[in-house]
Amino acid sequence: MSEPAILAEGLHKRYGDTVAVDDISLRVERGETWGILGTNGAGKTTTVELIAGLRAPDSGSVRVLGLDPRRDRAALRQVLGVQLQHAYLHGALTVEELLGLYRSFYPDPRSTDELLELVELTKQRRTRFEKLSGGQQQRLSIALALAGRPQVVILDELTTGLDPRARRRMWAAVESLREETVILVSHAMEEVERLCDRVALIDGGRVIASGTPADLVAQSGAADLDEAFVVLTGKELEIEEESA
Ligand SMILES: Nc1ncnc2c1ncn2[C@@H]1O[C@H](COP(=O)(O)OP(=O)(O)OP(=O)(O)O)[C@@H](O)[C@H]1O
């Protein structure tokens, strides 16, 4: 089998007394879209931060396209795009300036117009980051993650806080990433069912089930993915608040 896009083996990470990631292994093939599902505090963000090299594991190993995220940082930056839950961007810069800055890091970036269209921010191109709504800031962070035509894309809470229209737009943007490998951290079953080839269900820092959405439903004897989640974790997923 060819080298996978992401190979994580035996990852552990604790913060003081809190075990955030407790022996997580994942193998993601190139071109797959994976959903990482779990309740608040399950260890999803820490897992993707370990994959992106933003944190060092206490033990275990990660390879992304064969690269070590901590040792091969410069090479990884060229092939990995990351949208994190909380983006810290310079508030005084405009949408256009931030896109220009990110595009300058890559040899063959997507055009500014393409990125603006992808996340529907064309009208806001001259708006300062600090003047954007929360949803618009989030959409910009997705455009920034895609600026360098990354082969592997990590999206943490793609659509949390977006209104239904913006949510559908972001889904279409992810669906347009056919060649790319995508990791989508999510709370939204509908999103995962629609976009993901495979799902890893994380609870208490462990992968408690993984497979296609249909596999998880079959494994758990549930009627749908929502119910499968409850059966497999014994917990309800938080109801997402809808705000613009
Ligand atoms: N920087 C940190 N310092 C201390 N504890 C942390 C830190 N980051 C996360 N944790 C703790 O580690 C555990 C896993 O957190 P993590 O953010 O990875 O979960 P999550 O599944 O992404 O949750 P959420 O859905 O709320 O974003 C939680 O108990 C959290 O409180």
Side-chain angles (χ1 to χ4, degrees), residues 6-26 28 33-62 64 69-70 80-89 134-135 137-139 141-142 144-145 152-162 166-167 170-171 174 181-196 198-211 213 216 225-226 228-243:
I6 297 169
L7 187 62
E9 291 182 305
L11 290 178
H12 285 85
K13 179 72 186 177
R14 55 162 67 226
Y15 303 106
D17 292 337
T18 306
V19 177
V21 169
D22 186 13
D23 196 19
I24 283 191
S25 299
L26 272 182
V28 177
T33 297
W34 271 70
I36 308 280
L37 267 178
T39 52
N40 285 133
K44 305 179 298 293
T45 295
T46 304
T47 301
V48 295
E49 287 176 345
L50 294 173
I51 291 170
L54 298 170
R55 294 189 187 278
D58 298 329
S59 59
S61 70
V62 184
V64 178
R70 306 277 303 168
L80 177 72
V82 184
Q83 175 241 340
L84 288 172
Q85 242 169 315
H86 307 288
Y88 296 101
L89 295 168
Q137 291 186 353
Q138 190 174 347
R139 276 146 57 197
S141 73
I142 294 163
L144 297 175
V152 178
V153 185
I154 294 177
L155 302 167
D156 193 354
E157 308 283 355
L158 176 73
T159 58
T160 305
L162 297 186
R167 187 171 300 184
M170 293 309 107
W171 288 349
V174 172
T181 307
V182 181
I183 299 283
L184 193 70
V185 174
S186 184
H187 281 107
M189 291 296 176
E190 189 191 355
E191 174 168 301
V192 168
E193 264 178 326
R194 176 169 168 162
L195 300 178
C196 298
R198 289 177 185 278
V199 181
L201 232 171
I202 297 192
D203 196 37
R206 290 172 170 264
V207 177
I208 58 163
S210 68
L216 295 196
L225 195 57
D226 257 313
F229 184 90
V230 178
V231 171
L232 292 164
T233 63
K235 296 171 186 164
E236 298 274 350
L237 256 193
E238 297 79 9
I239 305 299
E240 201 181 320
E241 280 175 42
E242 285 203 353
S243 58

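In each ligand, atom 1 is the first atom listed, and ligand 1 is the first ligand listed. From a predicted model like this one, the values you see are computed outputs, not experimental measurements. The first residue in the sequence is number 1, and the count goes up from there.
Using a 4.5 Å heavy-atom threshold, the side chains of Thr233 and Leu37 count as separate. Side-chain atoms of Asp58 and Lys13, non-hydrogen and from C-beta on, do get closer than 4.5 Å to each other. Taking 4.5 Å as the limit, every side-chain heavy atom of Leu50 sits out of range of all side-chain heavy atoms of Ile24. A heavy-atom distance below 4.5 Å is found between the side chains of Asp22 and His12. By the 4.5 Å heavy-atom criterion applied to side chains, Leu184 and Cys196 are counted as neighbours.
Within ligand 1, counting atoms from 1 as listed, the ones closer than 4.0 Å to a heavy atom of Thr39 are 21 (O). Residue contact check: Ala42 has heavy atoms under 4.0 Å from atoms 19 (O), 20 (P), 21 (O) of ligand 1. Near His187, meaning under 4.0 Å from one of its heavy atoms, ligand 1 places the atoms 25 (O). For ligand 1, the atoms closer than 4.0 angstrom to any heavy atom of Arg55 are 1 (N). Taking every heavy atom of Asn40 and a limit of under 4.0 angstrom, the matching atoms of ligand 1 come to 23 (O), 24 (P), 25 (O), 26 (O).
With a 4.0 Å heavy-atom cut-off, ligand 1 is reached by the side chain of Thr18 but not by its N, CA, C or O.
Every side-chain hydrogen bond (donor to acceptor under 3.5 Å, both in side chains) that Thr46 has, sequence neighbours left out, goes to Tyr15. Residues passing the side-chain hydrogen bond (donor to acceptor under 3.5 Å, both in side chains) test with Arg194, sequence neighbours excluded: Glu175.
Ligand 1 has no N or O atom lying under 3.5 Å from any N or O atom of Ala20, backbone or side chain. For ligand 1, the polar-atom distance check against Lys44 finds a nitrogen or oxygen pair separated by under 3.5 Å.
With atom 18 (O) of ligand 1 as the reference point, the heavy atom nearest to it among Thr46, Leu37, Val21 is part of Thr46.
A heavy-atom separation below 4.0 Å is not found between Thr47 and ligand 1. Ligand 1 has no atom lying under 4.0 Å from any heavy atom of Gly38. By the 4.0 Å heavy-atom criterion, Arg14 is excluded from the residues contacting ligand 1.
Lys44 contributes a side-chain N or O that, together with a main-chain N or O of Gly38, makes up a donor-acceptor pair within less than 3.5 Å.
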